[in-house]
Every structure is written in structure tokens, then in C-alpha cells.
Amino acid sequence: MIVESIQLRHVGPFRGAVGVGPLARGLNVLAAYNEAGKSTLVKALVRALFDRHTCRSEEIALLRPIGTNLSPSVCVEFRLGGERYRIEKTFLDAPRSQLSQFDGGTWQPVAEGDAADSRLAELLRSGQPGRGATKPEHWGLFQYLWARQGEPASWPSWDNDAGENVRSRLVKIELDPFIETLKTSLDSTYSEVFTDTGRPRMHGPLELAERALATLTEEHQKLEQRVRELEAAENRFQQLAEQIETLKTEAENAKKQADEVAEAARKAELLLSEREAKQKDVNTAREKLQAVNDDIESRARLKREIGDLEGKLGTVRETLAGLDKEVKDLDRWHKEAEATAQNAQAVRREIEEHLDRAQSFLKYRQATSDLKALEARFDAAQRAAEELEKYQRQRDVLPALTESKLRSLQHLESEIGKLDAQIEVLGLSVELTPDKPQRIEVREAHKSRTLNLKAGKSETIKGGQQLDLRLESWGRIRVRSGATELAELRKTRDDKQHALKEALDKLGIKTVTDAAALVEKRKGFDEKIREAERELRTHLGDSDDLQTLETQLSRQRALVKNLAHSLRATAKDKEKTQSDWEAEAERLRVERKRANERMENAQKDARQLQVNLTDRRNRQADARTEEATLTAQLDGARSRVAEIGARYPQGIEAAKRTAQQQFNEAEARLAGVDAKLPPDVDKLPERNRRAARAAQEAAENLKKAIQERDQLTGTLQTLGAEGIYSRETELLMQIAAKQRECDEARKRGWAARLLYDLLERRKQEATRRVLAPLQQQISAMFAELSGERERQAFLDAELNIRGIGRCETELLPFEALSQGAKEQLMLALRLAIAKATSEGEPQLLILDDVLVNTDPIRQQRVLDVLQTASEHLQILVLTCHADRYRGIGHPCTIKAEPV
Amino acid sequence: MIGNMRFIHSADWQLGARFERFGTKGEALRRARLQTLRTALQAAHDHATDAFLIAGDLFEDAQVDDTVIEAALDAFRQFPNVAVFILPGNHDPNNGPSAVWQRRPFEQKPANVNLLLEPRVVEVAGALLVASPLKQKRSTSDPSQKLAELARSLPGDKMRIGITHGALAIPGKHQPNDFPIALDAATRAGLDYLAVGHWHTWQRYDQNRLIMPGTPEPDDFGQDAGSVALVELTARGHPPTVQRLPVATLQWTELNLDFLNLDAAKAAMEQRLDSLLPQADRIVLRVTLTGSVSPQLFDETRQWLDAKLQPYLVTEIRDETSLAFLPAELDALQQQHPLLAQTLGDLAQMEHFATNAPLPAAFSPSALIGLPEAQALLDNAKIDLRQLDIGFFKLAKQLLSAKLREAQR
């Protein structure tokens, strides 16, 4: 197809009518600035050629000038198949389509409306979408021949009729529809059985067969289990049959043995009972015999005992007689010793009394002496107390002035002095030296005084803030000071003076010096008072105070009085001196000591005799007790001997003989029974129990076996009726059949897939073989465009550019190439396509600003290539770089058309 | 010696066998077995035998229908003078309440039917029949040992006939748990004759004293069967006289058609079929197809054969052909669809890789797919090379052929 002209009205930036054309057959260059509408021109061309006039999609709506409701109109004149056509389309409002053919010098309408759209599609071999605007895949060859602005390195898909057509033209492979049909059929067969991932397709023949096989296999496994159960039951049934026979025999034997053992045990038991009775007889006879023997022995023993007892009794009596005598003597001696001790005690008592009296007298004398001393102390103490009281009185009349108070008064006085000094410093000081005697009146703070000044003698008059001087026959002089703090000081001084005066008045003294003297005086009195106190304390001694001392004195007097009264001294007593009494006391002490010794000795003798006496008496009592005991025992023994004799009227020896005989006979009878007892008779009961238990166990085992057999009979009958074996055979056959079905389905699917893959492989191989020329073509063109002759382009089986490189192993992938290289490769491919498809019909190749990334050097090469290509193609280059395309091709412009 | 004894020894009747592989035609085969039983009983009657021995597997299994049992008993009932002795085999062991011998029909068995359900000795016509029946389906024990045990206490002057069931202990030819019977069992047990059943093919051992007659009515192709043994014993210690009596109702015949020389093969087949036609209602026929053939020719021949086999009672076709395209077919493909021809070559190459089948001369290996690529292609398709056999490639060719024809239509 060759486009001859394009006219637009109300399209994009063109509110009026514009047009491009006539376009040359070869290279056309439409150079215009950005946004001039170059791309819009091509877009409008495409919509006019391929979209229905009634389409109202967004792509169509974008043709409308912005802000208007103008209907875009496009008119394209083109040449195709040797004929000239014109298509006029108006979109959106009042859509319209008219296809005309140039015939006989005029344009003849060919079709209108939808018919025009359809006819045009036929001519261009384009497609139509279900709805909406067309896309590149609907544009037929044109999708490969229009390199759009901004998409120079992209490529539409080959997967459409136009793509296939191009590919087949490019690689000169005639597609064998038969192969494709075959492939489709094989793929269909495969897909019936398998999914794309090679798994059995759900509900496909293989999956159904596998599922059925799994079910059958599961059923078979269960059946096998039943078979095993059946066989196990059968085996067990056989075993039980044998076992039951054995168990029957065993049970019979066990019963027989048990019965025998039981009979033997019963007999043995009877014998044992008889033996027991016989044994009792023997025991009784033995006891009787033993009793007689015991009596004989007892009697002998008793007689011996009696002899012993009589001997002992005699001895005891002798001893008793001896003890009686001793007791008597000791008793007498003891009494004598006691009398002696009593005498000695009386003597000592008398001496004690004398000694007490002497000591009492001594005490009385001492007490009297103490009384005198105490009286002297009391007098001294009394005097000391009186003096103390006197000093205290004298001191108390003095004003109470302490050292500290004195110091504060002194301090106050000192402060007053300081203040005076300050006042004087701050105050006025007037020095007057009259020439002649002068009488002056000084007045200050409401106080006045008169001074007589002598001639030629200076007199200083001091004052505070202001001095008022009146000079006689002269007048008054007032002197003022500027110091303001003087008043303050004077006030402070006056206050302190007042306070001092008050304190002194309170004390009743006039001056601070008087206060100091007062303090000294008080000190003196204090010292005296302390002295008096010390004196008093010395006399008081242990007593707290005088009163206590007085009380002590009273007591002492009472003591002396009492002692005098109790002693009742005789004249002779009174004559004795202290020394006499002391000597008397000493003598009496010595006598007392001797008397004590005598008394103690006598008492000791008496005690010893008492001990001896007591001992003899105890022994005497013991002997009497023993005597009584022995006598009783002797009587008892004699009595028992008599009893024994009484039990055997015929004589004890005769009784013994009779008992012996009876015992012998009983033993003989017992031996007879023993001889009848079987050996191991003691084990018979246990054997009987064991035999009975064994018989019972055997019977139970037999019963269990029979029960189990009966149960198995039922089980086998039930299992037998299930037809297990025949079902097993049937299942195995079904499984084998289903397995075959699975294998067949799987193999059928695999066969289809294998054939498909082998076919595809061959097809691709063939495709690859003829790619070489195309690769060479593109490589040559790329070499021309880029100047790179060492690297060639490589395509894949899908005719996509894989990349460039010296060889396939050194391939630089397309994605890794620079934008410029990509543009050039895509241009080479488009040129190849355009060339291949232009063999029958020249094709239009549109390059919309596609070499923006190509450098100026390569740009020239591009122009060379385009120039060459345009000999066979119509090429329309849209560019905003007019300078790059100067001198080449046919320049075009967008011209305004008359409305 | 107490006179001759003559009897028929049979085994492995397996009445009630299902023959599922023949589908609905199985009924004809089942009916034939009963007919053969009557034939054998008739032979027993005709030869005035003293006994009719069935050495195991009278029935297919314990689950046969009562009608089968009754049919057998009816057959025995029809020959009341023939004393029938039936021994349980491994298909119908006396294994307890579930055994076929406990079924109700046996409660009214005819008087001439004797069941040897337990090991015992029975006097028959002056001879002693020593029986060792089977009580389970599988065992490693030799059932003839029981015969020896029983025979030990027998009087020395009477002829002894043993009867039991099991496999012959031929090394490499029996399963250990299949009741292996020593090959000298008759001698070992001091028997004059040992009647054995189990395998369906005639066997004789131990100086003709151990006989396995095979199944009286064949149940598969290639069996040396279809007969019973007519045995005559003259005296104790003397070798028996054994004669094979054919009693089979049906004839199992195998034919072969080789595509190598199809025309001649078809002619020969036709001739053979024509000769068998008169007995068609009593013939079980299998035709095996062999040789290399193109799919189309195969289909055509198959159609012809199906028509020819129509009159026969039971037929079976076994296909052992290998599919191959004729050189002319390959040439045509090469011209019209070169890719397809190449693909066929690749397929033949893969068949060679998988099965070692020779590559057809029409293909040059160097032009075909290599092993690594073939393996990669199979791996991609998740196809296991090891599972590809001749059958698979035949199927692939058939499929391709079918698809071709479909596409050409």
C-alpha cells in the first residue's frame, strides 16, 4: 500500500483542515517542531484505515480537539494492488464512512458506512476487535511497519495471521497446514489424557482408569485380608479339630487320675482320723503314767525337803536365843550412856547462861559509851547548822545580782560610753576664746547652761545637732550640724541610759560600780555558807540531816535504858569493870568449850549403842520371821506327802505298774494304725487338689476349644458364603484389565505427546535453518547502520532478536544493548519485513522520531540505508530534527487546507 | 492277588470355571466341561470300571453355584453303577464348614458317590484305595507322605492305589507351597498306582505308577490335555497298564497368520478354516497375527479375519504384529509432508533407543534425533523411557496413522 495523501479536519491540534501530500513513493520526510501534529497525523491515518467509523472509544475520542465537540474527520488516499482508493471517515458525532475508488478520472463511491469499513478491512487484510478501538494486532502488516514515537525498540507479537504471514515471508517457509492440523489433533489427544503439567487430566481416561484401578486395588487388598482371615480361620479350624481330640483324651485321663487320687486321699483321711483317736489314747495313758511317776518323785523330794527344813529351823532357833541376850545388854548400856550425855548437857547450859550475862554487861557498857559520843556529835552539828543559817540570812538580804547580770550592766554602760563618744564626734564642737571675760548661755535640746569664759582661755563647747549660744551683749549664735545620724545615736544612747537606770533602780543601787561591789559581797557570803555546810556534814556523818541524827540519838538512849533494866545488875556486878567482865567472859568460853566436848562424847557413845541395839533387834526380828517361815514350809511339805499317799490307796508303786501297762497297750494300737497308712500320706491332699485342678483345667480347655471351633464353624460358613476366592479371581482379572486400560491410556497420551514434540522439533529445526538468511540480512543492515561489521544479529525461532555478537556463544542480549543499538536493530528488522512484504505490493514504513538515540555519525548511515530502502518502499519519516534529514527524500509539510 | 482292578483316573475338572477372558462365550466352555464329565462317566460305564477316581479339583472353588454341584451330582446319578470317588483338591479343599463338600446338595448325593474327605483307606473291588485329601489351599507339605503312613499298616497282599492332589516336585517347575509331591511317591508309599491331580497337562512318573492325567476338558491353548487315564492293575506289585482316553468336548486350536507373505498366509488360513468349519461349534480357536504390517493393511486384514472367524464357537485373536510404513508410503510422506516423514524417522530412532528394535532401512541414523536430545524431549514431557516398549511404539504408529487418515479426510 502506498499512501498518497492524508487530510484531517477537527483532529487533535487542528481545528481546521490540514493535509499532507502528495507523498512520494520513496522516502518522505515530514519535519516539524514538537507538538506540530506529526504523530497525530499518523494516528488519524491509522484510525481511518482500521477503525469502524462508529467507534466511540477513548482512542477515537482523543482525536477530537480539546475543549470542543467537533467531530474529527480523516481522508486518506492510497494506492493498493494497482488501484487508487480514498477513504473518508468522520467519527463521533454524525459518524460517516465512505470508500471511493478512482476510476475513469473520477472518484467513484465503492461503499458507505459499515460496508465501507468492511471492504477496507478486506483490502488491507486487517482485523476487527469485538468492540472498542483496534489495536496493533488488528492492523495486519502495518503493526510491524509503523515504528511509533517512544516505542522504537518494542515489537508487536508474531502470534497472529499477519505475524505468521510476515514470518513465513521472511523465512520463506511454507507452513504445512497439514502438520499444524496433525499437531492440533495430537495435542487434543494428549490433552484428553494429560494436563499441561503432565499429570493425568481430571475425568480423563487415564485418571478415571487410575481411579478405578485404585478402587479395585483397595478392594483387592481388603479382599486379600478377608482371604487371609478365611485361611487363618480354616487353619485354625484344622488345628482345633486336632487339638480337640488331644484335649478330650487329656481331659479323660486327667479326670481318671483325679478320681484315683481323690479315693486314695479319702481312705488316707479315714485312717488319719483313726490314728488321731489312737494317738489320744496313747497321750492319755502317757499322762497317767507320767502323773504317777511325778507323784513318786514328788514324794521323795518332799521328804528330802522336810529333812532340810528341820535342820534349818534348829539353826534359826539357836541364833534367835543368842540375839535375845545381846539385845538385853545393849539396851541397858544405852540407857546409861544417855544419862551421862544429859548431865553433860546440863553443865554446858549453865556455863552458857553465865557467859551470856557477862557478854550482856559488856554490851551495856559499849552502848553507854556510844551514847556519849553521839550526843557530842549532835551538839556540834547543831551549832554548825545555826551558823549556816546566819550566813544565808545575811546573803539573802542583798539584792539578787549575778555575775552575768553584772556583766550585762557593765556592757550597757560601756555602750553608752561609746555612743557618747560617737555623739561627740558627730556633734558640734565650738571653741571659744574670748578676748575678755564673757558670760555665755548654752542652750541645747531644751537644756541650757551658762558658762563663764575667761579672757584668752579657750573653751570648747560640744553639742549635738544644734547649739544655741547667747553671748551677753552680743547676741545669739546658733550653730547647726549637717550630720543626720546624730539624732539616732542620741536616741539610742538615751534609751540605753534609761534601761541602765531602770536595772539599777530595780536592784536598788545607783551605779554599776555599786553593782560590782554587791556581787563581791555576795560571793563572800557564798563562801561562808559553803564552809558552814561542810562543817555540818562532818558532824552529821551517816545521817542525812540533823533531825535524823537526833532520832539516832534517841534510839541509842533507849537502848542503854533497856539494857540496864534487863541486866538487873547486882552490887557486885556493878563493881566489876570492863576488864573484869571481859576476863569473865573469856573464862566462861573456855569452860563452855570443855563442857561441849564432854557432852558430845557422851552423846556419841549413846548413839553408837543405839545403833548396835537397833541392829540386834532387826536381826532378832528377821530370825523370828525365818523361824515362822520354816515352820510353815515344814508343815506344808508334810501335808503334801500325806496327800500323795492318800491318792493311791493301793499303793503308789502298784499304781505305777498299772499305768505303765496301759500306756504300752495304747502305743501298740497306734502302731497298728500307722502300719496301714500309705507312704507320703501327708502329700495326698495337695496331690488331690492338683489332680482336681488339672482335671478342671483340661475340661475347661476342651470346652474352650469346642466353643472356638463352633464359633469358627459359623465364621467359616459366613466367609465361605461370601464367595471370597471367586471374587478375588474376578478382582484380579478386573485389576489386570484396568491396569491394561491405564497403560493404554497413558501410552496413548504419551504417544500423542511424543509425536507432537517430534513434529514440533522438526518444524523448529526447519525454521531455524532458514533463519540464517534473515539473520544475515538484518546483520548486514545493522552493520550498515552502526558501522559494526564484526557483530551480527541473532534471532530465535520466534523471529525475536536475541541479541548481537561475534558468534552465538558471545551473544550480548537484546535487553542489554543500548537504546541506540536497539533502535537500529529494530529498524533493520522493520526494513527487512517491509522489504520482504513489498515484493508483491509496495509497503508503507512509518518511522516516527525513532532514531532519537542515534548519534550523528550513525545518523548518516541511517540516511544511507533509508535512501536505499526507499527504492522499494514508501518510507515516511516524522522528525522534529529537520536538519538531520536535509537533502534527502521528499520533504513534506502539514498544510492548512481551505475549509 | 485278588483279581484285576480297572478304574478311570481323572482330575482337575474345575466345574464352574468362569472363563472371563472369553466374555459371554464362557458359558459355552462351562457347559462343555459338564458334557465332558458325562462323556468320561460313559466311558467308565462302557469299560466296566470298578471305580471312577477324581483326584482333586472337581469344582473350580467352594463358591460355585449349587446348580453346578447339582449338575455334577446329576451326572453321577445317571451312572449308578459307576462308583465315583472324589478327593478334595486345592481348589476345593475340605477346609471346614466353608468347604464345598458341606453344601446342601451333598446331603442328598447319590449312593455311588463317595467323598474322600479324610485320610483313610477304602476297599474297592478287593483293592485298597488310600486317600490323602487336601484341607487347605496352600501348603509346603507333601500329601503323599500321609499315604505312606496309612499304607504301612495295610495287608501286604492287596493292591494299593493311592489318590492325592498336588504339584510334582520337579526342580524349578513347582512352587514350594503348592503341595509338592515327590516324584517317587508311589514307590515310597509302596503303592501299585498313585492317582494325582493338579496340573492340567498329562504327566507320568515313577515307572508309570504316578500319573497326572491333566484336565479332561482343556481350558487353554497349548495343553496336552483332554483325556482321562484308564488304568488296569492286575496284581500287587505289577506295573499298571495306563491308557489315555480322550473325552474332551471342545477342540482348542491355534492358527497363525504372518504378514510377511500375506497373500499366501491368507490363502492357507482360509483353507485351514474351511477344514475346521464343520466342527466350528466345538472349536475354540486362536489366531495369532505376526510380522510387520502397515496400519492400513492391518486393518483390512483384520476385517477379513473377523468375518472368517464368525462361525466358530469361541475365538481369540492375538496381535503380535509390528506396525511399519511401506517404502512407498514413506516416499509419499517425504514428498507431501517432509516434516512428517522426518518425525517418523525420529520415532523409529526412539524405538531403537528404547527397545533396541532395528532401525528401518529407509532411515539414516545420522539424520535422526540423537539420544541426549531424545532423552531431554522425553524428560520435558515427563515420559519415562524405561516404560516405552514395542507395544508403545506400535501404538504411536497406529495413532499417527489414524491421525493421518483423519487429517487427510
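The sequence lines fix the lettering, A, B, ..., with proteins before strands; numbering per chain opens at 1.
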If I take atom [atom1] from residue [X] and atom [atom2] from residue [Y], how far apart are they, to the nearest 0.5 angstrom?
| X | Y | atom1 | atom2 | result |
| --- | --- | --- | --- | --- |
| A:R727 | B:Q63 | CZ | CD | 12.5 Å |
| B:L404 | A:S185 | CG | OG | 9.5 Å |
| A:R761 | B:T343 | CZ | OG1 | 8.5 Å |
| B:D346 | A:L755 | CG | CG | 10.5 Å |

With side-chain contact (heavy atoms from CB on, under 4.5 Å) as the criterion, how do B:K403 and A:T184 come out once you've worked through the C-alpha distance, each side chain's angles and the decisive distance to 0.1 Å? CA-CA 10 Å; B:K403 295 291 183 188; A:T184 305; over 6 Å; no

If you define the side chain from C-beta out and look only at heavy atoms, does anything of [X] sit under 4.5 Å from [Y]?
| X | Y | result |
| --- | --- | --- |
| B:D389 | A:K747 | yes |
| B:N95 | A:L716 | no |
| B:I383 | A:R746 | no |
| B:L378 | A:D757 | no |

Toward chain B, the part of A:R748 with a non-hydrogen atom under 4.5 Å: both

Given that the side chain runs from C-beta out, which part of A:E730 has a heavy atom under 4.5 Å from chain B: side chain, backbone, both or neither? both

The interface call for B:R138 against chain A, heavy-atom contacts under 4.5 Å, is side chain

Is B:Q136 close to chain A through its backbone or its side chain, or both, or neither, when contacts mean heavy atoms under 4.5 Å? side chain

Considering only heavy atoms, give the residues of residues 189-202 of chain A separated from chain B by less than 4.5 Å, sorted numerically, with 'none' for an empty result. A:T189, A:Y190, A:T197, A:G198

Interface residues of residues 233-253 of chain A facing chain B - heavy atom cut-off under 4.5 Å: A:E234, A:N235, A:F237, A:Q238

Could you check B:M350 against A:L758 for side-chain contact (heavy atoms from CB on, under 4.5 Å), going step by step and ending with a plain yes or no? CA-CA 10 Å; B:M350 292 194 79; A:L758 287 174; 4.1 Å; yes

